[in-house]
S.K.: 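Below are the structure tokens for one structure; questions will follow.
Each chain gets a letter, A, B and so on, in the order its sequence line appears, and its residues count up from 1.
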Amino acid sequence: MKFRKTKAPSLANQNRIYAASRHRSSPRPPTTSLHPSPSPLLLSNPYPSKPKLQDLPTLLKSLHQFPPHPDLYIPIFQLLTRTPGSLRLGRQLHAHVTLRGLQYDAVLAARIAAMYSSSGDLRVASLLLRHTPHPSSLLFNALIRGHSLYGTPEGTLKLFDEMLYLGLLPDHFTFPFVLKCCADIGSVPFGQSVHSQCLRRGLEKDLYVGSSLIRYMKVGNFKAAEELFAALPSRNIVSWTAMISGYSQNGLADRALALFEEMRQGGNDVKPNWVTIASVLPACSHSAALKRGEQIHRYAGAMGFDSHPVVQIALVAMYAKCGSLVKARHCFDRINKKERDVIAWNALITAYASHGRGVEAVSAFEDMVTSGVRPNEITFTALLSGCSHSGLVDQGLRYFNCMRMVHSVELRSEHYACVVDLLGRAGRLGEAKEMIDQMEIDAGPSVWGALLSSCRIHHNLEIGEIAAKKLFVLEPENSGNHVLLSNMYAEFGRWEEVKKIRALLKDRGIRKSLSCSWIEINGKVNAFLCGDKSHPQAAGIYIFLEDLPKKIKAAGYVPDTNFVLHDVSEEEKECNLTMHSEKLAIAFGLLSTSPGAVLRVTKNLRMCGDCHLAIKFISKIYDREIIVRDVNRFHHFRDGLCSCGDYW
DNA sequence: ATAGGGTTAG
């Protein structure tokens, strides 16, 4: 029977159903029937307990023997909702219900909608809502769940609005889904309004709503999330993980790691599970804390979580971002072939790309396509940046040109940024600019930023000025763009313009970002600012660095004083070349590790050319492998050479 | 009936 053949109920019937729906929005007493006759279940119950899947065939055959009653069908629809792949049977039963005139019962309609919703048939679920004269919160919750799983965030929020408009109260089943939607679309006003509704209804202490609220709190608001977490009357592993993941995803890596430790050692009953591990690993990636990452990896292994593909993917990314490409590859190889989804491949391609291994990134991409996994937007961002770091210009362009036609992936601003970088690095600035002019979508700051960086490398002030002016409008608060243009002016001896930009920065109260490098020694992260003397070992570090130029000059080093002018950050320009933060970190590393140990340094900005050159010599005369991760990529220094081949 | 998870340029 088709849905449209459903007849509208008589007026009297409608009133009865309305009364029923109102009654049923409160908890249902187990044996109360709203029908004039006693429930058939009381007379002769066809299923004494919850029906099981294997009972269904017999049960369905016997249904017609009983007088029509919603209670007869509700448990069956609940069972079907929990059983994937049972939609066909569900449809038949729905038709049966309609034939018997029960389709307007509020609770039954909600259960039927829940079945359609959780199998992804949003169309029929929505039709049910439209045909229910007085929909209940239960029905809306079912639809909201379905839409958040299979539909769009916009569709979900529309339902939520409609629910409020009808005067229905959202509850602890409603809010978790709605909060996730708010986070997905990133609408701050909407998120705040939903948040305050939770508070008004006192639901922030609910285990489910509370976890969602904590998780979807925004960066600037993490204090509020901490307060919510502290105020939870009881916490389970989900609440803890929500808080850890909130820190982790907002770049508060230290706090994420500290909370993870607190949870493990605080004598809590809660035990981490694979979701917790997958949430805390990105914090190790972020702070490049390889030892911590390895520790967590061992722990995950002991608990048996390291065979979970989601954990394995997080491990691939962690090892790659902590500088160990070999271990990243090893973790990828351990992922079951059937579990290698697009996210797993993206992690691998990104790993190769960030280490400047363009050829391997390309071959990973080809393997992915061969194995039948479809690339997405992120895949191409990773692939194109891999081509760019390795100077694979034409190959990168070929991939870019077939993105939409061959792989049906839409071009985004990030992709243009990669291609502009690809062309720009190779010195093809005119083509890069032309590419931007022909874009079908608005060029975001990343696109102009890529052009500006390329102009700096290739000393093209003319195009650089155009890019910088765009950026000053798009990102007025970003100090880096101002600094870059100012450095270019300095290079050309245009001191008047340099002064103007400095005045502008001061005028707008824009603070320059400080350069910072860090190195993990014995599991402890040591951070250094440029010219920083606050480290306990500062005296030793500076004595070492004073001696350094003499030693490396003997090996052929000539300081690249050009970078005093060109350097990416103004404050470093003012700072003696020998005191750059990465040099401090490397000096400390050399002093506090035994000969032969690999040094891994991370920097929050781009490395300067002089440091790049000096580190090549350091790697040779001290016979050390030194791995530096700057904002863009990795540099592996060994025996006087860098893996980037000086193309960066 | 519900919550927490992995991949993204410069």
S.K.: dT2(B) base stacked by Phe173(A)? Criteria: ring centres under 5.5 Å, plane angle under 30°.
M.R.: no
S.K.: Phe332(A) CZ to dG6(B) P: how many Å, rounded?
M.R.: 18 Å
S.K.: Of all of residues 374-384 of chain A, which get a heavy atom below 4.0 angstrom from DNA chain B, listed by number?
M.R.: Ile378(A), Thr381(A)
S.K.: Taking the six-membered ring for Trp, does Trp240(A) stack with dG4(B) (centroid gap under 5.5 Å, planes within less than 30°)?
M.R.: no
S.K.: Output, in order, the C-alpha distance, side-chain angles, deciding distance and verdict of salt bridge (charged side-chain N to carboxylate O under 4.0 Å, His left out) for Glu360(A) and Arg329(A).
M.R.: CA-CA 11 Å; Glu360(A) 284 92 338; Arg329(A) 176 76 221 198; over 6 Å; no
S.K.: Which nucleotide in the list dA9(B), dT7(B), dA3(B) gets nearest to the side chain of Val238(A)?
M.R.: dA3(B)
S.K.: Could I get the full list of side chain to side chain donor-acceptor pair (under 3.5 Å) partners for Arg111(A), not counting sequence neighbours?
M.R.: none
S.K.: Examine dG4(B): is either OP1 or OP2 under 4.0 Å from a nitrogen or oxygen in the side chain of Gln249(A)? Give yes or no.
M.R.: no
S.K.: Under a 3.5 Å threshold, yes or no: a donor from one side chain and an acceptor from the other, between Tyr319(A) and His297(A)?
M.R.: yes
S.K.: From dG10(B), dG4(B), dT7(B), pick the nucleotide closest to the side chain of Lys180(A)?
M.R.: dG4(B)
S.K.: So, does the side chain of Asn236(A) form a donor-acceptor pair with the base of dA3(B) at under 3.5 Å?
M.R.: yes
S.K.: Would you tell me if any nitrogen or oxygen in the side chain of Arg215(A) comes within less than 4.0 Å of OP1 or OP2 on dG4(B)?
M.R.: no
S.K.: Please tell me which of the listed nucleotides, dA1(B), dG10(B), dT7(B), lies nearest to the side chain of Arg425(A)?
M.R.: dG10(B)
S.K.: Measure from the ring center of Phe365(A) to the ring center of Trp345(A) and say whether it is less than 6.0 Å.
M.R.: no
S.K.: Side chain of Asn273(A), heavy atoms from C-beta onward: which of dG4(B), dG6(B), dG10(B) has the nearest atom to it?
M.R.: dG4(B)
S.K.: Measure CG/Leu471(A) against P/dG10(B) and give the value in whole Å, please.
M.R.: 15 Å
S.K.: Where the side chain of Asp341(A) is defined as all heavy atoms beyond and including C-beta, which of dT2(B), dG6(B), dG10(B) is the nearest nucleotide?
M.R.: dG6(B)
S.K.: Nearest whole Å is fine: how far is dG4(B) C1' from Phe260(A) CZ?
M.R.: 14 Å
S.K.: Could you work out, with salt bridge (Lys or Arg N to Asp or Glu O under 4.0 Å) as the rule, every residue matching Asp206(A), not counting sequence neighbours?
M.R.: none
S.K.: So which nucleotide from dT8(B), dA1(B), dG10(B) ends up closest to the side chain of Glu414(A)?
M.R.: dT8(B)
S.K.: With respect to the side chain of Arg82(A), which nucleotide from dA1(B), dG4(B), dT8(B) is positioned closest?
M.R.: dA1(B)
S.K.: At under 4.0 Å between heavy atoms, what does Glu339(A) touch on the DNA or RNA strands: base, sugar-phosphate, or nothing?
M.R.: nothing
S.K.: If the cut-off is 4.0 Å, is His389(A) near the phosphate of dA9(B), judged by side-chain N/O to OP1 or OP2?
M.R.: no
S.K.: What's the closest nucleotide to the His172(A) side chain, out of dG10(B), dT2(B), dG4(B)?
M.R.: dT2(B)
S.K.: Under the side chain to side chain donor-acceptor pair (under 3.5 Å) rule, collect the residues that match up with Gln249(A), sequence neighbours excluded.
M.R.: Arg215(A)
S.K.: Any side-chain heavy-atom pair from Leu159(A) and Leu129(A) closer than 4.5 angstrom?
M.R.: yes
S.K.: Students often get this wrong, so: under 4.0 angstrom with heavy atoms, is Ile237(A) touching a base, only sugar-phosphate, or nothing?
M.R.: base
S.K.: Looking at every strand, decide which applies to Trp274(A) at a 4.0 Å heavy-atom threshold: base, sugar-phosphate, or nothing.
M.R.: base
S.K.: For His147(A), what residues pass the side chain to side chain donor-acceptor pair (under 3.5 Å) criterion, not counting sequence neighbours?
M.R.: none
S.K.: Would you please name every residue forming a side chain to side chain donor-acceptor pair (under 3.5 Å) with Arg340(A), sequence neighbours left out?
M.R.: none
S.K.: Nearest-Å distance, CG (Leu149(A)) to P (dA1(B))?
M.R.: 15 Å
S.K.: Regarding dG6(B), can its base be found pairing with the side chain of Asn346(A) as donor and acceptor, where the two atoms are less than 3.5 Å apart?
M.R.: no
S.K.: Would you classify Ser446(A) as touching base, sugar-phosphate or nothing, given that sugar-phosphate means primed atoms plus P, OP1 and OP2, and contacts are heavy atoms under 4.0 Å?
M.R.: base
S.K.: Name the nucleic acid region contacted by Ile349(A), choosing base, sugar-phosphate or nothing; use a 4.0 angstrom heavy-atom cut-off, strictly under.
M.R.: nothing
S.K.: If you only use heavy atoms from C-beta on, which nucleotide in dA3(B), dT7(B), dG4(B) is closest to the side chain of Pro176(A)?
M.R.: dA3(B)
S.K.: Quick one: label Asp421(A) by what it contacts on the DNA or RNA (base, sugar-phosphate, nothing), any heavy atom closer than 4.0 Å.
M.R.: sugar-phosphate
S.K.: According to a strict under-4.0 Å criterion, is Gln78(A) in side-chain N/O contact with OP1 or OP2 of dA1(B)?
M.R.: yes
S.K.: With a 4.0 Å limit, can you tell me whether Lys321(A) has a side-chain N or O closer than that to the phosphate oxygens OP1/OP2 of dT8(B)?
M.R.: yes
